[in-house]
Amino acid sequence: MSVTEQLRVALADRYVIEEELGAGGMATVYLAHDAKHNRKVALKVLRPELAAMIGAERFLQEIEVTANLQHPHILPLHDSGEADSFLYYVMPFVEGETLRAKIEREKQLGIDDAVEIARNVAAALDYAHRKGVIHRDIKPENVLMHDGQPLIADFGIALAVSHAGGSRLTETGLSIGTPHYMSPEQAMGDRELDARSDVYSLGAMLYEIPPVTVSRDTVPSHVAAAVGKALNKLPADRFVTAAQFAEALANPVFTLPVTVGTEVSARTMPPSARRWKAIAGMLGAITVLLAGSLVLSVLGDDSESQPVVRVGMTFREGETPLSTPWNPRIALSPDGSNMVYGSGTPGQGQLWLRPFNLLHAAPIPGTEGGYGATFSPDGRAIAFLSGAGVTPLHIVSLTGEPPITLTDSARWFNPTWSEDGWVYFT
């Protein structure tokens, strides 16, 4: 019997499972019919290993705190329980789309719309923070758009899992939150987070709404300043409350203090430089004792006076990038969030993927012996060489598909994947 069938049997007296809608890091989501109230609901079931680690009594005790949150921009918690070892919680099924889907569909939101969404989310966060509840996983996927208004989903679920799991959560390697939106202190593993951590995540989410690859000269200076303050690496330098962030977004005279040596403002920095500034801020909060080191220098648009942003990082033994006259490449993804590099010797090493907001790299399956990587224009795949002399040129997706060989007659110089879709090589 499949998991879905087991769940149907276990909940048959209360909910009718209609279909699986998707799966995330903590739970699988099902569309279900609430037989008692004759309504559609989103029923979320914790991953089995997570449920076993936490235990039903502790999870249900922790989740009670979130059941009392009542706000126009917070998706309420209808129900929670245990059934045949399944731990589940129930929320309204919203006829609409996530903010992530809206961004992908519209490509670029209007500035006024983006700011209004952020201010409504900030209002909901401020309400919850005053109740002592931190979300811990603010991201576009957790904001549902219903009738033009945002609703924050899974409010307090990450907190309940974190509190219920205790130190065992860390021991299993499971993480709470989403790396791209985590505050530096959350990425460092601090368990005692406050409102400023959610403020950072909201700032990162608002920053993403206008595509980082397109310059938005029409962004008001006060909005850029507010986002910049929200994304400060030190909690003490951010807004203390989400309400302050919302107020700054609506205040046309809000600005940041200017001090001697201050870098170019977020208003005049191109998106790529602003992205690197945020990445540098996050990495500045992470210190680990590992073998090897590397410093990357990233320059802004030559047409303007731009700061040089240096990102320092360390590497574990065996993961140190190989740099030789024939393999100097450390490939950076188009959005500046990842890098790929080779380690070891050509033909005997490995390609590694290193997100800038994580502590270490992960090997890319199927790239043994690889080097000379170059990202595709959309950042979802890489081309790379293997061997020495006349060598094969391969392409591999970063989503898990096996590599394919493009040609077996490339030379051992770095290929380039151009924006026109072609891969150029010697």
Side-chain angles (χ1 to χ4, degrees), residues 20-31 41-47 50 59 62-63 65-67 69-78 80 88-106 109 113-129 131 133-163 174-183 186-187 193 195-209 230-231 242 245-246 357:
E20 180 179 326
L21 298 177
M26 292 189 294
T28 301
V29 187
Y30 297 89
L31 172 62
V41 295
L43 189 146
K44 302 191 176 186
V45 181
L46 290 190
R47 289 166 50 180
L50 194 56
F59 175 74
E62 292 288 346
I63 209 171
V65 177
T66 67
L69 295 178
Q70 302 291 329
H71 189 276
H73 296 294
I74 293 178
L75 196 66
L77 181 68
H78 278 339
S80 61
Y88 67 91
Y89 56 100
V90 182
M91 294 181 167
F93 176 72
V94 175
E95 296 283 356
E97 61 183 349
T98 65
L99 180 55
R100 168 66 69 205
K102 180 179 176 67
I103 294 171
E104 292 179 349
R105 177 172 54 80
E106 298 185 12
L109 304 188
D113 289 343
V115 170
E116 183 64 18
I117 290 171
R119 294 189 71 239
N120 287 331
V121 171
L125 288 174
D126 183 65
Y127 162 81
H129 294 162
K131 298 288 186 181
V133 182
I134 310 299
H135 191 286
R136 295 176 177 237
D137 198 16
I138 291 295
K139 57 184 177 181
E141 289 82 354
N142 276 341
V143 177
L144 305 179
M145 300 303 299
H146 177 63
D147 208 16
Q149 297 297 314
L151 292 169
I152 305 178
D154 284 359
F155 215 115
I157 302 303
L159 176 63
V161 171
S162 179
H163 281 185
L174 292 170
S175 61
I176 298 299
T178 304
H180 284 89
Y181 304 94
M182 282 183 183
S183 65
Q186 186 176 2
L193 302 176
R196 295 170 295 183
S197 181
D198 279 350
V199 167
Y200 182 97
S201 299
L202 178 57
M205 189 180 80
L206 177 58
Y207 178 81
E208 179 184 21
I209 290 176
L231 289 174
F245 186 20
N357 54 7

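Here the closest heavy-atom approach between residue Ala27 and residue Lys44 is recorded as CB-CB, 4.2 Å. Scanning all heavy atoms of the two residues, the minimum distance from His146 to Glu95 falls at ND1-O, 3.5 Å. Minimum heavy-atom separation, Ala242 to Ala122: CB-O, 3.3 Å. Scanning both residues, Leu75 and Leu144, for their nearest heavy atoms gives CD2-CD1, 3.7 Å. When all heavy atoms of Arg100 and Tyr181 are compared, the pair lying nearest together is NH2-OH, 2.6 Å. Residues Ala230 and Phe245 approach most closely at CB-CZ, 3.8 Å, considering heavy atoms.
If you take OH on Tyr88 and CD1 on Ile63, they are separated by 10.5 Å, rounding to the nearest 0.5 Å. Between Gln149 atom CD and Asn120 atom CG the span is 5.5 Å, to the nearest 0.5 Å. Between atom CD of residue Gln70 and atom NZ of residue Lys131 there is a gap of 9.5 Å, rounded to the nearest 0.5 Å. Once rounded to the nearest 0.5 Å, the distance linking CZ of Phe93 with OH of Tyr30 reads 15.5 Å.
Judged by distance alone, with hydrogens and angles left aside, the side-chain atoms of Gln186 form a donor-acceptor pair with the main-chain N or O of Arg136 at under 3.5 Å. In terms of modelled atom types and a separation under 3.5 Å, the side chain of His73 and the main chain of Pro150 share a donor-acceptor contact. No donor-acceptor pair under 3.5 Å is formed between the side chain of Ser197 and the backbone N or O of Ser183.
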Could you walk me through whether Ile74 and Leu151 pass the side chain to side chain contact (heavy atoms under 4.5 Å, CB included) check? CA-CA 5 Å; Ile74 293 178; Leu151 292 169; over 6 Å; no

Should Met91 and Tyr89 be marked as a side chain to side chain contact (heavy atoms under 4.5 Å, CB included) after you check the CA-CA gap, both sets of side-chain angles, and the distance that decides it? CA-CA 7 Å; Met91 294 181 167; Tyr89 56 100; 4.2 Å; yes

Would Ile152 and His135 count as a side chain to side chain contact (heavy atoms under 4.5 Å, CB included) here? Give the steps. CA-CA 9 Å; Ile152 305 178; His135 191 286; 3.5 Å; yes

Let's go through Asp198 and His129 carefully: what are the C-alpha distance in whole Å and the side-chain angles of both, what is the deciding distance for side chain to side chain contact (heavy atoms under 4.5 Å, CB included) to 0.1 Å, and is it a yes or a no? CA-CA 9 Å; Asp198 279 350; His129 294 162; 2.9 Å; yes

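If you run side-chain contact (heavy atoms from CB on, under 4.5 Å) between Met205 and each of Ile138, Asn142, Ile103, only Ile138 comes through.
Remark: Asp137 engages Lys139 in a salt bridge, criterion side-chain N to carboxylate O under 4.0 Å.
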